[in-house]
Amino acid sequence: MFKLTSLNLNGLRSAATKGVADWVAELAPDCICMQEIRVQASDVEGRFEQMAGLQGHFHFAEKKGYAGTAVYTKHAPSAVVVGWGDPEFDAEGRYLELRFDTPKRKFSVISCYFPSGSSGEERQAAKFRFLKGFFPHLLALKKEREFILCGDINIAHQEIDLKNWRGNQKNSGFLPEERAWMTRLLDAGTEGAGLVDVYRRLKPDTTGDAYTWWSNRGQAYANNVGWRLDYHLATPAMGALARTEAIYKTVKFSDHAPITVEYDFTL
């Protein structure tokens, strides 16, 4: 089995103080994709190159203390792709692709951190620019290789993906345009990208237990007023191999919970 985890850290250094490395050692994933690492190369050097015996690869944002992605892996990749070719968002460290290619297989694990639009109109406009450009990138990638994209998508797709869906229909993360983008991404028809929402393949109706993010305001976590923002998005062949899912909530490393999926194959 191939065990793959995704976790928005809300800061690698912060999560480290909360014991994330010990948890990764106990979990023993093949790969863990991380988002919002908020560090630079100088912060990683001598401290975070490895974690629990896994080798780290990174896409740092140019701006200090901002965004960034990482993948820690048990297996050496055949190639590492840093960024997806859009200068605006590559400067923010939002995309890291590890390729594990063999003569018989082309396969990638991707850690991706979608922009949030919650801070205002300017960032929401950036989020829409990201979505517009990222869709054809994923479509092209799907035509040439199998992949699993793990990440903080910053979109709750359906009403069952957040607690207060009625009150959030005009808020970033649950806007009709964002949800329509996700629907198209998962549409297997001629207009869609045909990707698989792996968690929903395994748990099509789960609501409260599906949440992966909780606001720090009020008692959101205590009352499970959450959102499902963290996903595994896979090509159909990879999605069909998903066997188990687990959202870990025993210890909080950030305002997100890690989601782990086991796939019935090995690298």
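This chain uses plain numbering: 1 for the first residue, then up along the sequence.
Across Ile37 and Ala70, no two heavy atoms sit closer than the pair CG2-CB, 4.0 Å. Between Phe174 and Asn168, the shortest heavy-atom contact is CB-O, 3.5 Å.
Crowding of Lys106 atom NZ: a count of heavy atoms from other residues, nucleotides or ligands under 6.0 Å not exceeding 12. Few gaps surround NZ on Lys252; more than 12 heavy atoms of other groups in view lie less than 6.0 Å from it. Atom CD of Glu122 has 12 or fewer heavy atoms from other residues, nucleotides or ligands within 6.0 Å.
Taking CG from Leu149 and OG from Ser111, the interatomic distance works out to 8.0 Å, rounded to the nearest 0.5 Å.
Ring-centre distance between Phe265 and Phe107: below the 6.0 Å cut-off.
Residue pairs that meet the ring-ring contact (aromatic ring centres under 6.0 Å, His included) test with at least one member in residues 9-35, sequence neighbours left out, are Trp23-Tyr248, Trp23-Phe253. Note on residues 208-218: no pairs pass salt bridge (Lys or Arg N to Asp or Glu O under 4.0 Å), not counting sequence neighbours. Listed by first and then second residue, the salt bridge (Lys or Arg N to Asp or Glu O under 4.0 Å) pairs that reach into residues 224-237 are Asp161-Arg228, Asp197-Arg228, sequence neighbours excluded. Under the salt bridge (Lys or Arg N to Asp or Glu O under 4.0 Å) criterion, the residue pairs touching residues 163-189 are Lys127-Glu178, with sequence neighbours excluded.
Follow the hydrophobic side-chain contacts under 4.5 Å out from Trp165 and you never reach Leu175; the two are in separate clusters. Linking Ile, Leu, Val, Met, Phe, Trp and Tyr residues whenever their side-chain heavy atoms come within less than 4.5 Å places Phe2 and Met238 in a single cluster. Taken together through direct or relayed side-chain contacts under 4.5 Å among Ile, Leu, Val, Met, Phe, Trp and Tyr, Ile160 and Ile155 form parts of separate hydrophobic clusters. Tracing side-chain contacts under 4.5 Å through hydrophobic residues (I, L, V, M, F, W, Y), one never reaches Met1 starting from Tyr263; they form parts of separate clusters. Connection of Phe89 to Ile110 is established within a shared hydrophobic cluster, with ILVMFWY side chains joined at heavy-atom distances below 4.5 Å, either directly or through further cluster members.
Contact annotation: the side chain of Trp227 never approaches that of Ser215 to less than 4.5 Å [non-hydrogen atoms, C-beta and beyond]. Residues Asp43 and Phe60 form no side-chain contact, since every pair of their non-hydrogen atoms from C-beta on lies 4.5 Å or further apart. Using a 4.5 Å heavy-atom cutoff, the side chains of Trp213 and Tyr221 are not in contact.
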task: Check step by step if side chain to side chain contact (heavy atoms under 4.5 Å, CB included) holds for His157 and Tyr231.
output: CA-CA 10 Å; His157 182 213; Tyr231 291 71; 3.8 Å; yes

Steps toward side chain to side chain contact (heavy atoms under 4.5 Å, CB included) verdict (Glu36, Leu9):
CA-CA 6 Å; Glu36 208 171 355; Leu9 290 172; 5.8 Å; no

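Judged purely by atom type and a 3.5 angstrom limit, Asp90 uses its side chain to pair as donor or acceptor with the backbone of Gly85. Judged by distance alone, the side chain of Lys18 and the main-chain N or O of Val251 form no donor-acceptor pair under 3.5 Å. Distance alone, capped at 3.5 Å, is enough to place a donor-acceptor pair between the Asp86 side chain and the Glu88 backbone.
Exactly one residue among Arg38, His256, Gln35 makes a side-chain hydrogen bond (donor to acceptor under 3.5 Å, both in side chains) with Asn10. That residue is Arg38. None of Gln124, Arg123, Glu121 except one satisfies the side-chain hydrogen bond (donor to acceptor under 3.5 Å, both in side chains) rule with Ser172; the exception is Gln124.
In summary, Arg129 and Glu92 do not engage in a salt bridge, as defined by a charged side-chain N under 4.0 Å from a carboxylate O.
In this structure, Phe100 and His75 have perpendicular ring planes: the angle between them is above 60°, well past the 30° mark.
Evaluation of the ring pair (Phe, Tyr, Trp, His ring centres under 6.0 Å) rule for Phe128 yields no partner, not counting sequence neighbours.
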Show me the side-chain donor-acceptor pairs of residues 130-142 shorter than 3.5 Å, one per line, residues at least two apart or across chains.
residue	atom	partner	partner atom	Å
His137	NE2	Tyr95	OH	3.0
Lys142	NZ	Ala193	O	3.2

